[in-house]
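Reckoned from all heavy atoms, side chains included, excluding hydrogens, waters and symmetry mates. Throughout, protein chains are lettered first and strands after them, A, B, ... in sequence-line order, and every chain is numbered starting at 1.
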Number of protein chains: 2
Amino acid sequence: MAAHTHHAHGDPAAWTDHAARTLAEHGTRSGGARRAVVATLADQDCCASAQEIHERLRAAGRPVGIASVYRSLDLLHGLGLVTRVETGDGVARYEPALPGGEHHHHLVCVRCGGVEAFEDDALERAIHAVGDRVDFDVTAHDVALRGRCRACRAA
Amino acid sequence: MAAHTHHAHGDPAAWTDHAARTLAEHGTRSGGARRAVVATLADQDCCASAQEIHERLRAAGRPVGIASVYRSLDLLHGLGLVTRVETGDGVARYEPALPGGEHHHHLVCVRCGGVEAFEDDALERAIHAVGDRVDFDVTAHDVALRGRCRACRAA
DNA sequence: GCACATTCTGATAACTGTTCTCATTCCCAT
DNA sequence: ATGGGAATGAGAACAGTTATCAGAATGTGC
Ligand SMILES: [Zn+2]
Ligand SMILES: [Zn+2]
Ligand SMILES: [Zn+2]
Ligand SMILES: [Zn+2]
């Protein structure tokens, strides 16, 4: 068994393979920039902004043009390989979308801007029920709970 | 009885009064620009962007500087008088926050960008239950269901 | 009503995240 | 190996939002 389980939301290698396969099926070529972005995403538990990914790649000695980061994220999002998360500060964040559909939602601290993940089956059922009842073909959903994290509550 | 009930989410005059009272309690002066923004918001069933409000005021013959619109919305949001809604297109939208706490959430069409409102008690209960169980002082929540509206499903 | 301190307002500059442009590089089927 | 086309990266362009600041409006104390 591995000494640590850093990734709470599934095996990153599995998502990487899934992403590579889906990209190949769509006839895209495998360029270095996009591969680097995919690798960085696979290493993320939760959401990261385009600029964070850009910075992380630069720090890792594999700089990628910011335009390529945005392009890659846009393509991956179009193929359903990443989820776009809006935390309310006007920047889009992205996290891997697992093929099985398992996912989490977010707690956003209004003071420090920190983001935590949570999962809740009852919430998912309630959302699904709404989707069934409305005159709308619902394919995705976002939930954000806002408030104060433990640290900011004390401060 | 009124011939039509245009406002699904409470009496606009009541919200206007509530807003005016809260603003007065906070020692703000009553300038014309902010009063106009409050009046426009009171006339909204659902969310509107700063630029939409700006345009609506201009069209109504009561032009207000865009900076004043943003400032007013920011102040109202800080006082809890409006809700900020993120529909995913990178534009912040605002709608009146009723003092009783009754509110709705949104269905966003990924094709045409249209927004519809819905309410669901079971969903609210599920969200409340999550807030009780997490280590986070939850004070607000956003839910957005994404998909295709009836018109765009046909097209 | 009048003077005054303060707030509000609006034009515009500045800023930030994102998208567009285009010349160059790279991938890969042939 | 080569040729056609997709991918890349630097920088310009863009959109929404925020900051700046001089002048107008507000309301309090007289
Ligand atoms: Zn996450
Ligand atoms: Zn969910
Ligand atoms: Zn609404
Ligand atoms: Zn709710």
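To the nearest angstrom, P of C:dA11 lies 12 Å from CZ of B:Arg58. We find that CD1 of A:Ile53 is positioned 14 Å from P of C:dG17, with the value rounded to whole Å. As a whole-Å value, the separation of A:Asp74 CG from C:dT18 P is 11 Å. In this entry the distance linking CD1 of B:Ile66 with P of D:dT17 reads 8 Å, nearest Å. Going from atom NE2 of A:His54 over to atom P of C:dT16 covers 16 Å, rounded to whole Å. Summarising the geometry, the separation between CZ on A:Arg35 and P on D:dG9 is reported as 12 Å, rounded to the nearest angstrom. Whole-Å rounding puts the B:Leu73 CG to D:dG16 P distance at 15 Å. Distance A:Glu55 CD to C:dT16 P: 16 Å, rounded to the nearest Å.
Residue-level contact check: A:Arg84 touches neither bases nor backbone, having no heavy atom under 4.0 Å from any strand. Among the atoms of the strands shown, none is found under 4.0 Å from any heavy atom of A:Ser49. Backbone-only contact: A:Gly32 has heavy atoms under 4.0 Å from sugar-phosphate atoms and none from a base. Within the 4.0 angstrom heavy-atom criterion, base atoms lie near A:Ala67. At the heavy-atom level, A:Arg71 lies under 4.0 Å from base atoms of the strands shown.
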In sequence, state the C-alpha distance, the side-chain angles, and the governing distance for A:Arg133 and B:Asp120, and then conclude on salt bridge (charged side-chain N to carboxylate O under 4.0 Å, His left out).
-> CA-CA 10 Å; A:Arg133 122 177 127 67; B:Asp120 193 88; 3.1 Å; yes
Using salt bridge (charged side-chain N to carboxylate O under 4.0 Å, His left out), reason through B:Glu86 and B:Arg93 one step at a time and then give a plain yes or no. CA-CA 6 Å; B:Glu86 313 261 338; B:Arg93 288 158 200 280; over 6 Å; no
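For the OP1/OP2 pair of D:dT26 and a distance below 4.0 Å, the side-chain nitrogens and oxygens of B:Ser30 include no atom meeting the criterion. Contact between the side-chain N/O atoms of B:Arg34 and the OP1/OP2 oxygens of C:dC8 is found at a separation under 4.0 Å. Between A:Arg62 and D:dG9 there is a side-chain polar atom (N or O) within less than 4.0 angstrom of OP1 or OP2.
Counting only heavy atoms from C-beta on, B:Gln51 has its side chain closest to D:dG16 among D:dT26, D:dG16, C:dC8. Of the candidates C:dA5, C:dT9, D:dA7, the closest approach to any side-chain atom of B:Arg29 belongs to C:dA5. Each of D:dT26, D:dA7, C:dT18 was ranked by its minimum atom distance to the side chain of A:Tyr70; first place goes to C:dT18.
For the pair A:Val69 and B:Ala92, nearest-nucleotide mapping onto DNA chain D gives the more 5' position to A:Val69.
Taking the six-membered ring where the residue is Trp, the centroids of B:His105 and A:His141 are separated by 6.0 Å or more.
Cluster annotation: B:Leu73 is connected to B:Leu79 through the hydrophobic network of ILVMFWY side chains, with a link wherever side-chain heavy atoms come within less than 4.5 Å.
Side chain of A:Glu55 to backbone of A:Glu52: no donor-acceptor contact under 3.5 angstrom is found.
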